[in-house]
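Scroll down for the structure; my scribbles are underneath it.
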Amino acid sequence: MIKYYYPNGDTCYRALHTTNAVYHAADGRLMARTMKPDNSALYEFEITGFELLETGVKYD
């Protein structure tokens, strides 16, 4: 699992296999590219950070 941190303070959990890339955009923003929940296409969004989480472990 990956835990993404959004600029507004929210978080999002995504399966590792849905992530295509995490990179810095030309303007310096940290971006993530991942598959849409319906597996129809990739989309990009700004993040402030991320964590790789171990499968099967409960995090608070």
Side-chain angles (χ1 to χ4, degrees):
M1 293 295 292
I2 296 180
K3 181 179 183 181
Y4 292 115
Y5 295 92
Y6 293 114
N8 68 359
D10 288 345
T11 59
C12 173
Y13 294 87
R14 299 296 303 235
L16 183 61
H17 71 274
T18 65
T19 298
N20 179 268
V22 173
Y23 63 96
H24 281 98
D27 61 5
R29 295 180 300 149
L30 186 59
M31 303 293 292
R33 182 182 310 127
T34 190
M35 186 63 66
K36 288 184 175 184
D38 64 2
N39 292 324
S40 64
L42 293 171
Y43 71 104
E44 298 177 345
F45 51 94
E46 183 178 1
I47 59 174
T48 58
F50 68 96
E51 291 181 69
L52 297 177
L53 304 176
E54 186 177 350
T55 303
V57 175
K58 183 177 179 179
Y59 293 91
D60 295 326

Fill in the blank from the handout: Residues passing the side-chain contact (heavy atoms from CB on, under 4.5 Å) test with Thr11, sequence neighbours excluded, are Lys3, Tyr5, Tyr13
Problem - Shortest non-hydrogen separation from Met35 to Leu42 and the atoms involved - result: N-CD2, 3.7 Å
Completion exercise
Thr48 meets the side chain to side chain donor-acceptor pair (under 3.5 Å) criterion, sequence neighbours left out, with none
Handout entry: For Pro7 against Glu46, the heavy-atom pair lying closest together
Key = CD-O, 3.5 Å
Practice task
Return yes if some donor-acceptor pair links the side-chain N/O of Thr34 with the main-chain N/O of Thr18 below 3.5 Å, else return no.
Solution key: yes
Exercise for the section: Identify the heavy atoms of Ala32 and Ile47 that sit nearest to each other, and give their distance. Expected result: CB-CD1, 4.1 Å
Practice task
For residues His24 and Gly28, report the shortest heavy-atom separation together with the two atoms involved.
Solution key: CD2-O, 3.4 Å
Practice task
Applying side-chain contact (heavy atoms from CB on, under 4.5 Å), name anything that partners Asp38, two or more places apart in sequence or on another chain.
Solution key: Lys36, Ser40
Practice task
Just jot down the ring-ring contact (aromatic ring centres under 6.0 Å, His included) partners of Phe45, sequence neighbours excluded, or say none.
Solution key: Tyr4, Tyr6, Tyr43
Practice task
Report yes if some heavy atom in the side chain of Leu53 is under 4.5 Å from a heavy atom in the side chain of Ile2; otherwise report no.
Solution key: no
Handout entry: By salt bridge (Lys or Arg N to Asp or Glu O under 4.0 Å) - contacts of Glu44 (at least two apart)
Key = Arg33
Exercise for the section: Can you sort out the partners of Asp27 under salt bridge (Lys or Arg N to Asp or Glu O under 4.0 Å), two or more places apart, ordered by chain and number? Expected result: Arg29
